[in-house]
Amino acid sequence: MASSRTYKTLFKLVLIAAILAYAGYYANILFDSPAFFAGSSKKAGATSYQSSQTSAPPMVAERLNTIDAAKIGNEIAPLGKLRVITQPNWHISGRLSEQISALQSQFEAGDLTAGYLLAMNLRYCWNSPFNQHEFDTRKQTQQETHASDAMLQHLEDKYEKCQGVELKQQKQFYHYMRLAAEQGFIPAKESFAQLYAEFYMTSQGHVSLPRAEYIAMREQFINTKINFLTQAAEHGSIKAMTTLASLYYSQNYGPQGWVKAFAYNQAILAFTEDNALYQRNQWYTEKLIKSLSAQELADAQAISENIIQAIKQNGTLYLAN
């Protein structure tokens, strides 16, 4: 009898072991399969979620398949429907004063890049030393305040490049940057948006305006800045989307700030190839999702889908430098 019980016990143990072994085998097949990861990975492909009035939709952090770009050296090859565009290097060699006329002529002939280069270099020269005496004075001040070697070198490089560029020419950076932005040059739209309202008012000589006029002009500048950013975002500018997400997150730029911030963060997650940026925006998304209602999340998703659709229709992607 004892022998029979022992046999039955051993049989049960063997049977259980066999079941576990088969379960482990098929689990490995399931979870190690590419199909499983294609359906579960956060970056595997575009995924949509349904909005609900009673429950928050799950967070989306998928990259669009069309942006799985192949990298060749430092260049990014265009794949799918989007053409990846690298940002132009605006730094020029030699003195700017010797190149202003040529850049102006090229811009007037329709070369938007020339207008952008002119704007950026004039902006770089803003507040540069005008002569040798002023350069020597600034250098001595920096040395007395124990400025770093890098700061001293920057002052010297700036003076060398900007000699001969008068103040009235320097302040024209705004004119050329705005013109290039208005004519559709995305890097100009991005750079315009990096200008602070106070700097714009000071550099363009508006600080002495009556208070009401000052406020009105300042608000007009901010609205132009938001419009340029919105246009750049719809052409696939990661920098513009990041800036808009940050501005709207502050809730200082109109209604539904967090809703719009969530929407732009979602669009960034759909397109960015930068892992650090992806993780940062995912963190912001997870933080926002706890603060928005189901209706707000549904609104944010609708805005995000419109942004993504506009980018796909325009067919370009500008990666952040």
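These figures come from a predicted structure and were not determined experimentally.
Within the cation-pi definition used here (under 6.0 Å to the ring centroid, within 45° of the axis), Lys161 qualifies as a partner of Tyr124.
A donor-acceptor pair under 3.5 Å is formed between the side chain of Gln170 and the backbone N or O of Val165. Within the 3.5 Å criterion, the main-chain N or O of Glu234 finds a donor-acceptor partner in the side chain of Asn314. With hydrogens and angles disregarded, no donor-acceptor distance shorter than 3.5 Å links the side chain of Thr272 to the backbone of Ile268. For Tyr159 (side chain) and Gln132 (main-chain N/O), a donor-acceptor pair under 3.5 Å exists by modelled atom type. Judged by distance alone, the side chain of Asn121 and the main-chain N or O of Trp90 form a donor-acceptor pair under 3.5 Å. Within the 3.5 Å criterion, the main-chain N or O of Phe192 finds no donor-acceptor partner in the side chain of Lys225. Panel note: side chain Gln169, backbone Glu166; a donor-acceptor pair is recorded below 3.5 Å. No donor-acceptor distance shorter than 3.5 angstrom exists from the side chain of Lys239 to the backbone of Pro187, with no hydrogens or angles considered. Put simply, the side chain of Ser246 never gets that close to the backbone of Thr242: no donor and acceptor are under 3.5 Å apart. Side-chain atoms of Gln99 come within 3.5 Å of backbone atoms of Ser93 as a donor-acceptor pair (strictly under, hydrogens ignored).
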Would Leu247 and Leu229 satisfy side-chain contact (heavy atoms from CB on, under 4.5 Å), going step by step from the backbone distance to the final call?
CA-CA 11 Å; Leu247 292 177; Leu229 280 172; 3.8 Å; yes

Are Ser97 and Gln163 close enough, and set up right, to give a side-chain contact (heavy atoms from CB on, under 4.5 Å), and what steps lead you there?
CA-CA 7 Å; Ser97 60; Gln163 283 186 67; 5.9 Å; no

Output, in order, the C-alpha distance, side-chain angles, deciding distance and verdict of side-chain contact (heavy atoms from CB on, under 4.5 Å) for Leu195 and Met177.
CA-CA 11 Å; Leu195 300 175; Met177 189 176 292; 4.1 Å; yes

Working note: Glu273 + Tyr278, criterion side-chain contact (heavy atoms from CB on, under 4.5 Å); need CA distance, chi angles, decisive distance, verdict.
CA-CA 8 Å; Glu273 288 293 318; Tyr278 185 94; over 6 Å; no

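Side-chain heavy atoms closer than 4.5 Å link hydrophobic residues (I, L, V, M, F, W, Y) into clusters, and following such links, possibly through other members, connects Ile303 to Ile289. Leu317 is not connected to Ile186 by any chain of hydrophobic side-chain contacts under 4.5 Å among Ile, Leu, Val, Met, Phe, Trp and Tyr, and they are in different clusters. Hydrophobic clustering (side-chain heavy atoms under 4.5 Å, transitive across Ile, Leu, Val, Met, Phe, Trp, Tyr) groups Phe262 together with Leu244. Met201 is connected to Leu167 through a chain of hydrophobic side-chain contacts under 4.5 Å among Ile, Leu, Val, Met, Phe, Trp and Tyr, so both are in one cluster.
Partners of Phe185 by ring-ring contact (aromatic ring centres under 6.0 Å, His included), not counting sequence neighbours, listed by chain and number: Tyr116. Listed by chain and number, the residues in a side-chain hydrogen bond (donor to acceptor under 3.5 Å, both in side chains) with Tyr249 are Lys287 (sequence neighbours excluded). When the side-chain hydrogen bond (donor to acceptor under 3.5 Å, both in side chains) test is applied to Arg280, no partner is found at least two apart in sequence or on another chain.
What you find for Phe173 and Arg123 is that their closest heavy atoms are CB-N, 3.5 Å. A pairwise comparison of heavy atoms in Tyr248 and Ala261 identifies CB-N, 3.8 Å as the closest pair. Ser128 approaches Glu134 most closely through the heavy-atom pair O-OE2, 4.4 Å. Minimum heavy-atom separation, Asn89 to Leu117: O-CD2, 3.7 Å. The two atoms that bring Leu103 and Ala114 nearest to each other are O-CB, 3.8 Å, heavy atoms only. For Ala240 against Ser237, the heavy-atom pair with the smallest separation is N-OG, 3.0 Å.
By the 6.0 Å contact criterion, OH on Tyr196 is open, its count of non-hydrogen atoms from other residues, nucleotides or ligands being 12 or less. Heavy atoms from other residues, nucleotides or ligands lying under 6.0 Å from OH of Tyr200 number more than 12.
Judged as a side chain to side chain donor-acceptor pair (under 3.5 Å), the pairs with a partner in residues 139-153 (not counting sequence neighbours) are, in order, Gln140-Glu144, Gln153-Asp157. Within the structure, every pair that satisfies the salt bridge (charged side-chain N to carboxylate O under 4.0 Å, His left out) test and touches residues 189-201, not counting sequence neighbours, is listed here: Glu198-Arg218. The side chain to side chain donor-acceptor pair (under 3.5 Å) analysis of residues 176-187, with sequence neighbours excluded, yields the pairs Gln104-Tyr176, Tyr174-Arg178, Arg178-Glu182.
At a threshold of 4.5 Å between non-hydrogen side-chain atoms, the residues Thr243 and Tyr264 do not count as touching. Between Ile215 and Leu209 the shortest side-chain heavy-atom distance does not fall below 4.5 Å.
Looking at Glu286 and Lys290, no side-chain N of the basic residue comes within less than 4.0 Å of a carboxylate O on the acidic one, giving no salt bridge.
Here the OG atom belonging to Ser304 is positioned 11.5 Å from the CG atom belonging to Leu297, to the nearest 0.5 angstrom.
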